[in-house]
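All of these numbers come straight from a predicted model, not from anything done at the bench. Per chain, numbering begins at 1; letters A, B, ... match sequence-line order. Just the heavy atoms: all of them, side chains too, but no hydrogens, waters or symmetry mates, feed the values below.
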2 protein chains.
Amino acid sequence: MTSNITTADEDFIPCQHEYRVNCGNCRLNSICLPLTLEDDDIVQLDDIIQRSKPLQKGQHLYREGDEFQSVYAVRSGALKAYKTTDDGREQVTGFYFPGEILGMDGISKNVHDSSAKTLETSAVCEIPFSSLSKLSTLMPNLQHHFFQLMSQRITEDQVLITLLSKNSADERVAALLLSISSRNARRKLSPTHFRLPMSRVDIGNYLGLTVETVSRVFSRMQKLEMLRVDNKEIEILDAQAVRTMANVSS
Amino acid sequence: MTSNITTADEDFIPCQHEYRVNCGNCRLNSICLPLTLEDDDIVQLDDIIQRSKPLQKGQHLYREGDEFQSVYAVRSGALKAYKTTDDGREQVTGFYFPGEILGMDGISKNVHDSSAKTLETSAVCEIPFSSLSKLSTLMPNLQHHFFQLMSQRITEDQVLITLLSKNSADERVAALLLSISSRNARRKLSPTHFRLPMSRVDIGNYLGLTVETVSRVFSRMQKLEMLRVDNKEIEILDAQAVRTMANVSS
DNA sequence: CGACCGCTTGATCATAATCAAATTTTGTGG
DNA sequence: CCACAAAATTTGATTATGATCAAGCGGTCG
């Protein structure tokens with residue numbers, strides 16, 4: 001892990017000059033868990049958080065059925081959460097980017113209800129749930145923010161439910177691109193030019209489509225000059241056209 | 001509301017001899033919010049809860065965009081939660097039966113993210129969220145249980161996502177019937193013989209199918225002698241066959 | 001009684017799945 | 001660095017599932 005070979009990984013190289021990351025100096029703290037906290041409180045939150053070594057692409061953070069201990073904040077990289085159906089197919093339930101929290105589905109039964117796997121080299125902050133609960137009783141702001149985070153997960157799932165239930169393949173793919181674009185914007189990255197960390201299969205398993213259909217939609221969007229697609233590299237050429245294709249007011 | 005006209009409503013007539021309902025004597029308290037609480041704590045919870053007059057069929061509990069104030073526990077009857085898409089179609093995000101909690105999607109933005117409407121005459125308990133939050137900081141059990149309820153909502157939404165994404169019309173309808181059946185069992189009602197409170201359109205808008213398809217699936221299930229369908233009255237004749245059709249291990 | 005609503009059934013059509021194959025990209029070892 | 005194998009992606013042809021369009025039935029309410 002001390003190697004400094006630069007991989008083909010497109011993401012920023014983590015700051016080397018401030019290795020001792022904490023919530024107070026993390027550049028994600030304005031969109032992550034500390035969002036609503038005072039400086040004093042952030043220090044306490046910081047105390048319970050464990051920061052991971054980088055995880056290699058394809059590693060599991062947890063698996064469906066594992067005992068639930070912690071929720072996780074993505075520090076760098078990207079992950080997918082997914083469930084495996086009885087007949088062995090994979091339903092991707094979400095993609096997670098830096099600053100986003102995953103694992104909250106494990107709270108209800110104290111067992112992870114889905115698996116989480118890195119899509120590229122990633123690092124996460126582990127937040128032991130028992131400590132978070134305890135701290136939440138002392139810090140109403142934190143409790144409220146965590147309620148909000150769970151509620152946000154619910155509203156986002158409801159958006160996906162609607163997308164799967166009512167929208168065409170074109171609309172689903174366009175909506176996913178817009179979602180990734182706006183999440184990039186939130187992290188001050190380009191909303192029009194980015195690299196998809198997930199495969200076409202993952203996209204299909206998220207949107208309820210086959211790989212072939214996903215690929216065809218990308219081709220169609222390219223032909224219409226809305227998009228430039230170079231393998232995983234995406235450039236949105238006509239954002240308005242993509243919004244129109246997504247058929248949502250956002 | 002002091003009238004004692006009995007409607008055509010199939011549900012049990014609420015106990016008249018104990019009008020002053022509270023959480024301590026509510027027959028749903030073993031599956032509802034008080035689940036994990038001690039007697040003393042139940043009394044405190046009871047203090048913040050407001051019980052509604054019966055709501056007529058078709059009345060709204062809240063609408064998408066309303067300011068979020070409270071979550072609600074169903075006391076009797078049944079409700080649907082739904083979102084209206086930009087092009088005016090309706091996505092039903094859930095059906096709610098006695099003992100179940102709805103409205104948690106409003107926490108994240110302090111605005112209801114969906115609408116809730118009664119499917120038949122119903123009564124609910126209103127739980128002001130600010131009071132619930134405050135009480136939760138004092139009662140770790142309550143905080144934990146509410147975290148669990150939200151997490152359960154998330155896992156249930158993920159099941160629906162998978163259903164919509166991967167399963168056929170037959171499988172979706174069969175899965176819904178099994179879900180209603182097991183929720184009836186939880187309330188000590190018959191798991192094989194019940195009345196559906198929602199219309200075929202509602203079922204379609206929940207499962208991402210048209211009315212016609214829903215109706216055809218019911219017909220098919222009747223022809224296969226798995227089910228007896230008399231309008232909204234359902235009798236499951238061969239539960240194993242329904243499980244097989246649903247194609248889930250549950 | 002008649003209009004309307006919810007539900008069912010039938011015929012046809014469209015979208016995306018499936019099957020099949022070519023092509024590009026990636027990873028690995030020499 | 002190149003060669004080769006494996007994996008991922010794209011494209012094409014055909015098919016199947018459920019949507020759409022259309023009509024009829026039965027019950028309810030004014």
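Here C/dC7 presents its P atom at 15 Å from CG of B/L227, a figure rounded to the nearest Å. Atom CD1 in B/I203 sits about 12 Å away from atom C1' in C/dG6, given to the nearest Å. Separating the CD atom of B/E212 from the P atom of D/dA23 is a distance of 14 Å, rounded to the nearest angstrom. Following rounding to the nearest Å, A/E171 (CD) and D/dA19 (P) show an atom-to-atom distance of 15 Å. With rounding to whole Å, B/K57 atom NZ is found 12 Å from D/dT28 atom C1'. Spacing between atom CZ of B/R195 and atom P of C/dG6 amounts to 14 Å, rounded to whole angstrom units. The separation between A/L164 atom CG and C/dA17 atom P is 12 Å, rounded to whole Å. The distance between atom CG of A/N167 and atom P of C/dT15, rounded to the nearest whole Å, is 14 Å.
When each of A/R89 and A/D230 is assigned the nucleotide of DNA chain C with its nearest heavy atom, A/R89 is the one assigned upstream, toward the 5' end.
Within 4.0 Å of A/S199, counting heavy atoms only, lie sugar-phosphate atoms of the nucleic acid but no base atom. Among the protein residues, A/G208 comes within range of the sugar-phosphate backbone only, with heavy atoms under 4.0 Å from sugar or phosphate atoms but none that close to a base.
Among C/dC7, D/dG12, C/dA16, the nucleotide with an atom closest to any side-chain atom of B/K232 is C/dC7. In this structure, the nucleotide among D/dG18, D/dT11, C/dC7 sitting nearest to the side chain of B/T213 is D/dG18. Out of D/dT10, C/dA16, D/dT20, the shortest distance to the side chain of A/S219 is found at D/dT10. The listed nucleotides are D/dC21, C/dA17, C/dT26; the one nearest the side chain of A/N231 is C/dT26. Side-chain proximity of A/L209 to the nucleotides C/dA17, D/dT11, C/dT9 is greatest for C/dA17.
One cannot find a donor-acceptor pair under 3.5 Å joining the base of C/dT25 and the side-chain atoms of A/R200. Side chain A/R216 to base D/dG12: a donor-acceptor pair is found below 3.5 Å.
The backbone N or O of B/S151 sits nowhere less than 3.5 Å from a side-chain atom of A/S108 that would complete a donor-acceptor pair. With B/E233 contributing its side chain and B/D230 its backbone, the two residues share no donor-acceptor pair below 3.5 Å. Under the 3.5 Å distance criterion, the side-chain polar atoms of A/S52 are matched with a main-chain donor or acceptor of A/V124.
A close approach under 4.0 Å does not occur between any side-chain nitrogen or oxygen of B/S215 and OP1 or OP2 of C/dC7.
A salt bridge links A/K80 with A/E90: the distance from a Lys NZ or Arg NE/NH1/NH2 to an Asp or Glu carboxylate oxygen falls below 4.0 Å. Salt-bridge check for B/E126 with B/R75: failed, with every basic side-chain N at 4.0 Å or more from each acidic carboxylate O.
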